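First comes the structure, then the notes that go with it.
Chain letters run A, B, ... following the sequence lines, proteins first, then strands; residues in each count from 1. These values consider heavy atoms only, across backbone and side chains, with no hydrogens, waters or symmetry-generated copies. Please read these numbers as outputs of a predicted model, since none were measured by experiment.
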Amino acid sequence: MELVEEGPFRYRIDPHEGMRVPGIVFASRELLADAEQSLEQVVHVAALPGIVAASYAMPDIHWGYGFPIGGVAATDADDGGVVSPGGVGFDISCGVRLLAADCDGEALRPALAEIMDGLDRAIPRGAGPGGVWRPDGAGELERLLAEGSRFAVERGYGEERDLLRCEDGGAVADADATQVGQRARERGLVQVGSLGSANHFLEVQQVSDVYDDTTAAAFGLAPGQVCVMIHCGSRGLGHQICTDHVRLMDRAMARYGITVPDRQLACTPVDSPEGRAYLGAMAAAANYGRANRQLLSDAAREVFRRATGARLSLVYDVSHNLAKIETHEVDGVRRQLCVHRKGATRAFPPGHPELPEDIREFGQPVLIPGTLGTASYALAGVAGGGAFYSTCHGAGRTMSRHQAARSITGSQLRARLRQAGIAARPKSWRGLTEETPEAYKDVDAVVAVSEGAGLCRRIARLVPLGVVKG
DNA sequence: ATGTGC
């Protein structure tokens with residue numbers, strides 16, 4: 001792949017092979033070495049009808065279904081632009097929530113084992129059914145899909161202030177539950193308030209570094225402070241919605257005269273019945289994902305309250321797998337675009353009207369989950385953020401799950417975490433080996449490059465004290 | 001990511 005170095009940590013792939021726009025890859029030379037194969041997917045995405053500006057790749061890019069994970073693509077509906085479920089991914093609305101405790105690590109230490117045991121009992125996780133709340137039939141699921149975190153808070157799982165610190169106030173307005181199929185509903189009904197498996201986790205963390213005292217304080221973060229980070233998505237419901245709508249679009253594509261370089265890029269115009277149906281179902285899954293994180297926050301709060309009386313207040317909740325209709329200025333013209341972010345986090349700049357009033361001047365909080373036993377980050381959006389105000393979402397895999405599981409045994413991993421002073425409560429030690437840190441890129445490098453490329457800035461770094469995983 | 005692989 002021919003890459004033109006355009007600026008610091010910014011590379012361009014010039015249009016060829018049916019590309020309508022260039023590819024723009026944000027990376028260092030080291031990170032590019034891991035990205036080589038997935039750049040082909042950046043090229044494929046650049047061929048989508050109606051794509052605007054560029055097919056972007058974040059520094060944590062890796063191979064995904066159709067689109068790369070770490071990809072950003074915006075399309076213009078008025079210019080034949082399409083929407084593609086592959087541009088969001090199977091885990092619709094997968095995202096991260098960070099809660100700040102009113103105590104520091106030193107104070108928490110004596111109660112840590114008790115808290116971890118409490119979380120071990122309170123947090124449903126792993127594949128299959130099980131959640132903290134079983135909606136009372138189809139009516140409640142319907143409201144959950146329409147109202148997201150708002151409904152969870154209304155039902156007593158949280159406080160009104162939580163909603164102010166959620167992307168979209170905790171619910172997107174354009175959810176259309178009629179486009180969520182029966183199987184998706186059945187799977188979703190029994191998984192409300194559950195973590196899932198793979199790289200999803202709930203961690204008790206401590207702030208290890210602060211890079212901007214003022215912004216950190218405004219976000220509610222200080223050196224040494226205890227936090228809880230939750231990384232999860234929309235479970236089987238989102239997965240089923242993606243499966244269903246990929247199939248529908250795959251069949252419909254030809255009728256719109258659309259051809260794509262990879263069948264996994266199945267798409268239809270944003271303004272088509274199929275496009276609107278997907279966006280409506282996707283928004284319902286987005287609300288499910290937010291409610292899921294809200295319910296797990298409530299479960300964690302209860303454990304902390306009982307163990308030490310500590311309170312957890314929400315810093316922010318943001319997704320990294322979503323398509324959204326947003327207004328952006330392109331070459332001096334304001335346009336309504338369908339922005340696909342897949343393994344990429346929205347990072348609105350300071351002053352953006354959609355940000356909570358009390359932190360608006362600092363830019364949107366961006367939450368980056370680390371991999372097992374490594375650091376996580378709180379970042380902030382910056383003015384001029386290159387890729388439709390998006391940045392990285394995490395470390396990004398370099399090893400397959402199979403490869404990772406062969407590289408270390410459960411007991412070796414267990415010993416390492418214990419040595420690092422991290423209290424782990426996995427559902428199974430065997431399953432955890434797929435998540436060994438060597439299977440991922442270095443999150444510190446990914447975040448440093450994202451900042452260097454002008455996509456975001458670092459606010460605080462967090463390290464794990466305890467981890468709950470599927 | 002996922003009642004993991006058509």
Given dT2(B), is OP1 or OP2 found less than 4.0 Å from the side-chain N or O atoms of Ser197(A)? yes
With sequence neighbours excluded, tell me which residues meet side chain to side chain contact (heavy atoms under 4.5 Å, CB included) with Ala57(A). Val25(A), Val42(A), Ile61(A)
Decide if the gap between the ring center of Tyr316(A) and the ring center of Phe219(A) is smaller than 6.0 angstrom. no
In whole angstrom, what separates Ile69(A)'s CD1 from dT2(B)'s P? 13 Å
Using atom CZ of Phe90(A) as one end and atom C1' of dT4(B) as the other, report the distance to the nearest whole Å. 12 Å
For atom CD of Gln240(A) and atom C1' of dT2(B), their distance in whole Å: 10 Å
Rounded off to whole Å, could you give me the OH-to-P distance for the Tyr65(A) and dT4(B) pair? 18 Å
Can you tell me how far P of dT4(B) sits from CZ of Arg430(A), to the nearest Å? 15 Å
OP1 or OP2 of dT4(B) versus the side-chain N and O atoms of Arg401(A): is any pair under 4.0 Å? no
Without decimals, in angstroms, what is the distance between Tyr288(A) OH and dT2(B) P? 10 Å
Measure the distance from CG on Asp244(A) to P on dT2(B) and round it to the nearest whole Å. 16 Å
By side chain to side chain contact (heavy atoms under 4.5 Å, CB included), Arg134(A) pairs with (sequence neighbours left out) Leu189(A), Val190(A)
Distance-only donor-acceptor check, side chains Gln294(A) and Arg97(A), under 3.5 Å: yes
Using whole Å, report how far CG of Leu195(A) lies from C1' of dT2(B). 14 Å
Both Ala127(A) and Glu435(A) contact DNA chain B. Which one's nearest nucleotide lies toward the 5' end? Glu435(A)
Does Arg397(A) reach a base, just sugar-phosphate, or nothing at all? Heavy atoms under 4.0 Å. nothing
Which part of the nucleic acid, if any, lies within contact of Glu434(A), taking any heavy atom under 4.0 Å across all strands shown: a base, the sugar-phosphate backbone alone, or nothing? nothing
